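Ligands are counted one by one from 1 in listed order, and the atoms in each one are counted from 1 as well. Since the model is a prediction, treat every value here as computed from it, not as a measurement.
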Amino acid sequence: MSSNSMKMAVGQLGPIHLADSREAVVARLVSMLREAAAGGCKFIAFPELALTTFFPRYWYDDEAEVAGFYESEMPNAATQPLFDEAARLGIGFYLGYAELTPERRRFNTSVLVGPDGVIVGKYRKVHLPGHADNRPTLPFQHLEKRYFEVGDLGFPTFASQGTTFGMCICNDRRWPEAYRVLAMRGADVVALGYNTPSHNIYYEEPPHLRMFHHRLVMQSAAYQNCIWVLASAKCGAEDGFHMHGGSCIIAPSGEIVAQTSSEDDEVIQHHCDLDLGKRYRKTVFNFARHRRPEHYGLITESAGGEQVAGQQGGTEPS
Ligand code: CDT
């Protein structure tokens, strides 16, 4: 183990039901924070929208009802005990929550908090899945496009505790561009939280593929970008709506080095060698030597999915 190492944790949350209070959830987070700190960890990643149930599954006509899911300040009275305990124990964390700005804009947000309990940086989810219209015939909905705006902060990185952190939120983990930008900004560690329904409401998908794709995207991203990935689920059945677990810590080799075994509150920990990524960055993924950005322009010029100039040859497959 190199001297440049840090023990890090993932604090997976079991279900949060509609009736659960913020205070009750924060007490669960504090308990996991203490477990991680007692194990010698200096950082713990918590899930996306970690303070409430995954409310985008519900259509609300009444905006006043939706308003109750957002935080207009962070920290606030309910979450202050988590920040205070982090400072007391000297452990940083990642926390996802629904943000309401002073301008009344709504984002799916995460913060990176240092071991002094002070916010180091903020990220607002860029890739919002689902739909914005009411589809009452579905078994449940996925209304992130209704309840949030696309994040306006890009993919920033933050120096903290002698390393560089980046953040993603849930669906971002399926998009290689997110990790690439973070890696190009020097990220050694990418923390991400997620809420992933076990059932795909848009097409028939074998359940095992949900977990397969979840791991596939993060393991390849960790390897291709020479980063540690800390992935934290909110999982189990929230008022009967099931979301998969599978929280894990992934090394820059692409290997899963720790994973949860339950769909409840559970802490996993690993001693992470923060120099491990350097081996890949100097060789196979030496960006400066091997990347060819002059051939990648299309990626930022277009979202894709439409006919683009430069397609060559061939006939339609029969
Ligand atoms: N929260 C979140 O982004 N969940 C998505 C589910 C997509 S299904 C509409 C995910 O990618 O896991």
Side-chain angles (χ1 to χ4, degrees), residues 10 12-16 18 25 45-59 66 69-71 94-99 106-110 123-151 153 155 166-179 190-222 229-239 241-248 250 259-260 263 305:
V10 163
Q12 171 180 284
L13 274 169
I16 300 176
L18 273 169
V25 175
F46 292 124
E48 171 193 37
L49 299 178
L51 301 172
T52 66
T53 198
F54 188 69
F55 66 91
R57 75 168 66 89
Y58 303 111
W59 176 272
V66 190
F69 293 111
Y70 294 82
E71 317 298 321
Y94 160 110
L95 180 74
Y97 64 98
E99 177 190 9
R106 302 184 300 189
F107 295 100
N108 188 340
T109 295
S110 60
Y123 168 69
R124 291 172 172 158
K125 186 174 182 177
V126 165
H127 299 100
L128 297 175
H131 53 273
D133 53 315
N134 192 8
R135 302 188 191 178
T137 57
L138 291 172
F140 57 91
Q141 307 213 34
H142 200 109
L143 291 159
E144 287 195 59
K145 286 192 193 298
R146 174 173 168 83
Y147 295 135
F148 302 114
E149 288 181 48
V150 171
L153 301 175
F155 292 100
M167 295 183 272
C168 286
I169 303 180
C170 196
N171 192 259
D172 287 323
R173 76 195 190 285
R174 305 188 192 274
W175 298 93
E177 296 86 350
Y179 306 90
V190 172
L192 67 91
Y194 60 96
N195 288 258
T196 299
S198 303
H199 177 73
N200 188 330
I201 51 175
Y202 298 113
Y203 61 90
E204 273 313 309
E205 186 181 21
H208 76 274
L209 283 182
R210 299 291 266 180
M211 186 61 80
F212 172 69
H213 291 150
H214 158 71
R215 293 191 181 121
L216 177 72
V217 290
M218 297 190 301
Q219 289 185 254
S220 46
V229 174
L230 309 175
S232 183
K234 178 143 63 63
C235 56
E238 292 188 331
D239 294 305
F241 298 99
H242 190 266
M243 299 184 294
H244 76 60
S247 303
C248 53
I250 305 171
Q259 60 188 317
T260 52
E263 289 183 338

If you take the nearest heavy atom of each of H213, H131, R174, Q141, which one is closest to atom 11 (O) of ligand 1?
R174
Taking atom 9 (C) of ligand 1 as the reference point, the nearest protein heavy atom with its distance:
Y202 CE1, 3.4 Å
Polar-atom distance check: T196 versus ligand 1, any N or O pair below 3.5 Å?
yes
Exercise: do Q12 and S232 side chains pair donor with acceptor under 3.5 Å:
no
Are T196 and R173 close enough that some pair of their side-chain heavy atoms sits under 4.5 Å apart?
yes
Answer yes or no: is there an ion pair linking E99 with R106, defined by an N-O contact shorter than 4.0 Å?
no
Check each atom of ligand 1 against the heavy atoms of E144 and keep those under 4.0 Å away; list them by number with element.
1 (N), 2 (C), 3 (O)
By number and element, which atoms of ligand 1 are closer than 4.0 Å to a non-hydrogen atom of F54?
1 (N)
May I ask you to check if R135 and W59 form a cation-pi contact, with NZ or CZ under 6.0 angstrom from the six-membered ring centre and within 45° of the axis?
no
Heavy-atom contact check, 4.0 Å cutoff: does R173 meet ligand 1?
yes
Listed partners of R210 passing salt bridge (charged side-chain N to carboxylate O under 4.0 Å, His left out), at least two apart:
E205
Counting heavy atoms only, which of P129, G130, P56 comes nearest to atom 7 (C) of ligand 1?
P129
Considering heavy atoms of the protein only, find what lies nearest to atom 3 (O) of ligand 1 and give residue, atom and distance to 0.1 Å.
K125 NZ, 2.8 Å
Close-contact set for ligand 1 against E48 heavy atoms, below 4.0 Å
1 (N)
Atoms of ligand 1, numbered as shown, that sit under 4.0 Å from any heavy atom of C170
1 (N), 2 (C), 3 (O), 4 (N), 5 (C), 10 (C), 12 (O)
Residue and atom name of the nearest protein heavy atom (relative to atom 6 (C) of ligand 1), distance in Å to one decimal
H142 CE1, 3.6 Å
Within 45° of the ring axis of F140 and under 6.0 Å from its six-membered ring centre, is that where the NZ or CZ of R57 lies?
no
I'd like to know whether F155 forms a side chain to side chain contact (heavy atoms under 4.5 Å, CB included) with Y179, so could you lay out the CA-CA distance, the side-chain angles of the two residues, the decisive distance to 0.1 Å, and finally the verdict.
CA-CA 9 Å; F155 292 100; Y179 306 90; over 6 Å; no
Residue pair Y202 / H142, side-chain heavy-atom distance below 4.5 Å:
yes
Closer than 4.0 Å to some heavy atom of N195 - which atoms of ligand 1 meet that?
1 (N), 2 (C), 4 (N)
